Number of protein chains: 2
Amino acid sequence: MDIEQGNDGKIALSEKWPRLSQFFAKVKSTIIGFLEKIKKIAMDDPRRIAHAMKVGLALTIISTLYYVTPLYDGFGESSMWAVLTVVVVMEYTAGGTLSKGLNRTFATVVAGSLGVGAHQIAALCGEKGEAILLALFVFLLAASATFSRFIPEVKARYDYGVTIFILTFSLVAVSSYRANELIQMAHQRISTIAIGVATCLCVSLFVFPVWAGEDLHKMVASNLDKLANFLEGMETECFGEKSNFESLEGKPFLQVHKSVLNSKTTEDSLCNFAKWEPCHGDFSFRHPWKQYQKVGGLIRQCAASMDALSSYLTTFSKTKPIFKADTELLLEIQTACSEMSSESAKALRELSSAIRSMTIPSLAKCHLLAATSAADNLRTALSNDITVWETIHVAMVASLLAELVNYTKEIASSVDELAELALFKSTDSVNSALVKPKIK
Amino acid sequence: MDIEQGNDGKIALSEKWPRLSQFFAKVKSTIIGFLEKIKKIAMDDPRRIAHAMKVGLALTIISTLYYVTPLYDGFGESSMWAVLTVVVVMEYTAGGTLSKGLNRTFATVVAGSLGVGAHQIAALCGEKGEAILLALFVFLLAASATFSRFIPEVKARYDYGVTIFILTFSLVAVSSYRANELIQMAHQRISTIAIGVATCLCVSLFVFPVWAGEDLHKMVASNLDKLANFLEGMETECFGEKSNFESLEGKPFLQVHKSVLNSKTTEDSLCNFAKWEPCHGDFSFRHPWKQYQKVGGLIRQCAASMDALSSYLTTFSKTKPIFKADTELLLEIQTACSEMSSESAKALRELSSAIRSMTIPSLAKCHLLAATSAADNLRTALSNDITVWETIHVAMVASLLAELVNYTKEIASSVDELAELALFKSTDSVNSALVKPKIK
């Protein structure tokens, strides 16, 4: 390779060290990609930036415990607990912060008192007995509290509280063996934890609060809208004037329900946090949050049915039999389908807007009545000819089964891939291993 | 009410204070119910008891730092950090403990060094300037680290590490303002945290270890078995000799796939933990855990299709049209269905047992070939009569749509319930509110 002296320094660099310049270009594109990702995350929900600033703010406030001399003299080393509390208690939603803050405070007070009690009992047994008894107490309490975390109700609402319970009890019980002024220490710690929790709650509830309840409310309404979008797409793309069943693959309306399918985890945690929130906006303290979970569950079931329909339509449009309503029966079915999808879509939109505006959904019933009567008419039309009726039913089961066969095939090929990646033994070598002596 | 003196003391009590005896009976049944629940949780997975004991054991071991005088003299108050580490780092699976332990250690070291660096810079600016500069550093670092938790990749693997990073940096930076021997303090803390993590790891990895990877492996295999159960049920109950489509409601085989549908969260977290685990049993360190997620995703899709089929069959069996293969076409469809379900079930069983024994699934392909050819034959048979073929397709879409109408109805009635519980305004009163002046 001959090195030429270029007029432009940049060209010279890229010619001189092509790898180096490639490296810099790669670094640059990685950084730009990363920044764009960050920007997208921030733009998707600007409250995320606010949350980051709020955590910074709460920590800065709490660190004044160190900077202001009279405060520090009051709490001393225990100031640390306030910082620790702020870091672990601050959550994205107000309900999350409340849940963790109250769990922490309550668990600390209960476990602290129990710890002091354990110390009093153990102290009666002399120095050696004390250590043994304390160790026994710690073992028993930690083991039983840990086991309680496997109870689903405890896990859902008090998991963090149980951790803090174990932590506080162990710390108080164990350090009581060394500390001389146990009560004063416990008092200092509880005060600093209370200060930390109070700071978090103030920042979380009063500075641009993010309400888990409001998010849950909006999420359910927007999921209803997604279902309506699917049905509206069905109406225009499949039963509208210019519609045909061809080329449905990749149409966006067939994907719109997918995000609903995996909404359970988010919904459950929002509901769990919403229960802790005080009244805000249109929501009272005892707002029926559980009912949102119920609605959400039904929405997911509906989305699962849409998934079946969507994958059927995609397979169907691939084989490309042009859909023409050339017999009377077909025309009848098509009209009924169009009616069912448009009326159901209207009902879902009505339900969604009723939730948003918190008014009683009165029009949804009319739309559903129309949709149901279309379904009934269809059933009557189809069941007139008993052979067609039966054939349709059985063919329907057969077609769904054929879909299962396809999925099974996909599963089989991904398991094959796994077998290859994980170096599964072939059955032959297993058989021969049974014959040959094993060599290790 | 007249009080009679009974011969039996017990009878006398229940007669004298009927409420009190009712209360005791209720307490008794509550306690028995609770104990039975606990017993069930423990029997479902006895490793849970082992885990609870392991946490107790780790805490007892670490508390010797307090009891043994020479150890305590070495670490002093910092011993607390070892206890704290054990409580928060011990997780159910070995991978979980490793993930948290390594996150904690690494984040502590990095943030501790940064904190010392921040202190050195701030110390150059005089006492007042130091406090302001430290507060600024804490704000900036806490805000940006908190924001980084919204990046999905960070959230999935390093969430705990980021928390500890913020915590350690804040504690070191802020307490450096007061502490005189910062380096010694940092050293003590890091050592105690390391001791805590090491204790957790030893207990978690060497005392009855629970491997997330092994659980994931078994879970995928057992989910495949559940799908096979569903198809085997189809074969016997719907296409077998004594089968009919009546009274399918409530049959257990139609419910067996349900638990698969919600397995995503568990699977994701097991996979995440499995990646941290060292080689164990038949699993190497770089075992392709991601592939299990891929297989799992396909399994869930298949289960969703089963859900559609299952709800179709349930609705169908309610209307009770007796299924008799009285035409040639129907007989053909039925035979194909029987073939498809039994062969797919066999393929799935083969895949599941191949995963369990970690051998290459060789027989699955033959079964799938048989299932696919049955599906193809069916398609040919149906498409011979173009009108029947088209009617079936359109009726299928119609029937799936009718199912959606049913779900929409259910959603509507649960939203009505919500409107009632949450005291939604009726639209009339909204209209009249626009006319009338609002009274608050």
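Chain letters run A, B, ... following the sequence lines, proteins first, then strands; residues in each count from 1. Remember, it's a predicted structure, so these values are computed and weren't measured experimentally.
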Side chain / backbone / both / neither for Leu136(B) at chain A, heavy atoms under 4.5 Å: neither
Glu410(A) (side chain) donor-acceptor with Leu298(B) (main chain) under 3.5 angstrom: no
Partner of Val83(A) by side chain to side chain contact (heavy atoms under 4.5 Å, CB included), out of Val138(B), Ile166(B), Leu171(B): Leu171(B)
Side chain, backbone, both or neither of Ala398(B) within contact of chain A (heavy atoms, under 4.5 Å): both
Segment of Lys365(B) engaging chain A (4.5 angstrom heavy-atom cut-off): side chain
Toward chain A, the part of Asn262(B) with a non-hydrogen atom under 4.5 Å: side chain
Ala354(B), part contacting chain A, at a heavy-atom distance under 4.5 Å: backbone
Contacting moiety of Lys37(B), where chain A heavy atoms sit under 4.5 Å: side chain
Chain A contact via Tyr92(B) - side chain, backbone, both or neither, heavy atoms under 4.5 Å: side chain
Interatomic distance, Met358(A) atom CE to Leu423(B) atom CG [nearest 0.5 angstrom]: 9.0 Å
Residue Leu261(B) versus chain A: region with a heavy atom under 4.5 Å: neither
Gap separating the CG atom of Leu309(B) from the CD atom of Glu403(A), nearest 0.5 angstrom: 9.5 Å
